[in-house]
Amino acid sequence: MDIVTVTRFRRARSRADLALMPGEAYIAGGTWLMSEPQPETTGFVDLTTMGWPSIEPTADGLRIGATCTIADLVAWAASDAVPDGWAATALISPAANALLASFKIWNTATVGGNICQSFAAAGLMSFAVALDGMALIWTPDGGERTVPVAELMTGNGANALARGEVLRAIDLPDHALRSRARLRKIALAELGRSGAVVTGRIDPDGSATFAVTAATWRPTVLTFDSLPDAATLAAAIGDAPGYYTDPLGAADWRRGVSIVLGERIREELAS
Ligand SMILES: Cc1cc2nc3c(=O)[nH]c(=O)nc-3n(C[C@H](O)[C@H](O)[C@H](O)COP(=O)(O)OP(=O)(O)OC[C@H]3O[C@@H](n4cnc5c(N)ncnc54)[C@H](O)[C@@H]3O)c2cc1C
């Protein structure tokens with residue numbers, strides 16, 4: 001749609017260009033920003049011209065640039081470029097497909113935009129939380145800070161980024177990338193926005209991590225020394241805070257299906 005309040009558009013090419021003027025907002029893929037009126041916004045600062053690499057294997061794991069498109073991430077995960085042993089990259093396709101997104105959105109929407117929009121049903125949030133993702137944030141004073149992606153989101157559509165802070169990248173650790181991992185999603189409509197997404201993984205050291213997203217206001221991460229039994233996992237998921245009701249599902253339904261999805265993942269990981 002036409003965003004009639006916007007009269008300025010700047011392409012950021014350096015860190016100095018990221019300083020926001022009054023009324024300006026960052027734009028990445030623009031798929032959310034251009035989908036509804038932005039009455040407070042009078043200018044966009046384009047992040048896609050910063051030239052950040054989309055995918056960078058590092059000494060500690062994988063860095064995904066915030067401006068990497070969802071389509072590019074999915075294509076990389078299906079390519080020969082994935083290092084041997086990074087089995088958990090198999091989560092990328094189901095996480096991207098957990099997004100209610102048309103072909104056009106996938107090719108334009110960015111990983112960083114999906115996380116910074118911070119909807120409970122953010123599929124790439126589910127992916128990053130599942131694998132202990134750390135958000136690298138550039139601060140307006142020229143510094144940087146890191147925060148677990150699971151703690152970045154503070155509510156459905158809200159996050160802990162201060163004005164002028166930019167999500168630069170998501171870092172995923174090697175041990176999580178080497179895990180056996182699963183993702184299950186459910187929605188009231190077959191291709192609808194996620195009502196609940198549950199992920200689970202077993203690391204090479206035998207420890208297990210489960211996460212509930214979409215069903216709760218903010219991600220819930222549950223860690224265990226080893227794969228829990230069914231009752232332990234069901235109780236942990238059932239006790240998670242923040243199950244909510246909206247037109248996409250009632251709170252008690254979200255809690256119930258999260259327990260079922262968690263148990264399906266647990267059984268698969270046990271086999
Ligand atoms: C038809 C349709 C279906 C959708 N389905 C879903 C869905 O199922 N789940 C879901 O979560 N979303 C959904 N969305 C919303 C949105 O399209 C996605 O979240 C998308 O991934 C946003 O990415 P983007 O790059 O287009 O972000 P943009 O629209 O460019 O930006 C979104 C927000 O994030 C901020 N931002 C972007 N990048 C950064 C950064 N690096 N640092 C700091 N701030 C940043 C922007 O300022 C803006 O506030 C849907 C949208 C449409 C139109």
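All values below were derived from every heavy atom in this structure, side-chain atoms included, with hydrogens, water molecules and symmetry-related copies excluded. Counting starts at 1 for both ligands and their atoms, in listed order.
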Legend entry - Check ion pair Glu144-Arg168 (N to O, under 4.0 angstrom): no

Legend entry - Pair Arg178 + Asp205, salt bridge at N-O below 4.0 Å: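 No salt bridge links Arg178 with Asp205.
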
Could an N or O of ligand 1 be found under 3.5 Å from any N or O of [X], whether backbone or side chain?
X: Trp32; value: yes
X: Leu47; value: no
X: Asn114; value: yes
X: Ser35; value: no
X: Ile105; value: no
X: Leu33; value: yes
X: Ala98; value: no
X: Ala28; value: yes
X: Gly30; value: yes
X: Thr108; value: no

Taking 4.0 angstrom as the limit and counting only heavy atoms of [X], give me the atoms of ligand 1 inside it, by number and element.
X: Ala121; result: 9 (N), 10 (C), 11 (O)
X: Gly29; result: 24 (P), 25 (O), 26 (O), 30 (O)
X: Cys116; result: 34 (O), 35 (C), 36 (N), 39 (C), 40 (C), 42 (N), 43 (C), 44 (N), 45 (C)
X: Ala66; result: 41 (N)
X: Ala122; result: 11 (O)
X: Phe119; result: 10 (C), 11 (O), 12 (N), 15 (C)

Which protein non-hydrogen atom lies closest to [atom], naming both residue and atom, and how far is it?
atom: atom 37 (C) of ligand 1; result: Gly113 CA, 3.6 Å
atom: atom 10 (C) of ligand 1; result: Leu99 CD1, 3.5 Å
atom: atom 41 (N) of ligand 1; result: Leu167 O, 2.9 Å
atom: atom 49 (O) of ligand 1; result: Gln117 OE1, 4.0 Å
atom: atom 8 (O) of ligand 1; result: Leu100 N, 2.6 Å
atom: atom 16 (C) of ligand 1; result: Thr31 OG1, 3.6 Å
atom: atom 47 (O) of ligand 1; result: Tyr26 O, 2.6 Å
atom: atom 13 (C) of ligand 1; result: Arg193 NH2, 3.8 Å

Inset, instruction - Verify, without hydrogens or angle tests, whether Tyr244 (side chain) and Asn156 (backbone) share a donor-acceptor contact under 3.5 angstrom. - result: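 A pair under 3.5 Å: no.
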
Inset, instruction - To the nearest 0.5 angstrom, please state how far the CG atom of Leu124 sits from the CD1 atom of Ile64. - result: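 Those atoms lie 7.5 Å apart.
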
Inset, instruction - State the CG-CD distance between Leu18 and Glu24, to the nearest 0.5 angstrom. - result: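 So the gap between those two atoms works out to 10.5 Å.
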
Any [X] side-chain heavy atom under 4.5 Å of [Y] side chain:
X: Arg264; Y: Arg182; answer: no
X: Leu47; Y: Ile27; answer: no
X: Ile186; Y: Trp253; answer: yes
X: Ile237; Y: Leu222; answer: yes

Please table the atom pairs, donor to acceptor, closer than 3.5 Å between any side-chain atom in residues 91-101 and protein atoms at least two apart or in another chain.
from  : atom 1 : to    : atom 2 : distance (Å)
Ser93 : OG     : Asn97 : ND2    : 3.3
Asn97 : ND2    : Ser93 : O      : 2.9

Inset, instruction - Taking all heavy atoms of Ala88 and all of Ala176, pick out the closest pair and write down the distance. - result: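 Scanning both residues, the minimum pair turns out to be CB-O, 3.4 Å.
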
Legend entry - Residue pair Glu263 / Leu233: nearest heavy atoms and the distance that separates them: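 That would be N-CD2, 4.3 Å.
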
Inset, instruction - Kindly work out whether a path of hydrophobic side-chain contacts (I/L/V/M/F/W/Y, heavy atoms less than 4.5 Å apart) joins Leu177 to Ile265. - result: no

Inset, instruction - Would you list the pairs meeting ring-ring contact (aromatic ring centres under 6.0 Å, His included) in which at least one residue belongs to residues 123-174, sequence neighbours left out? - result: Trp52-Trp138

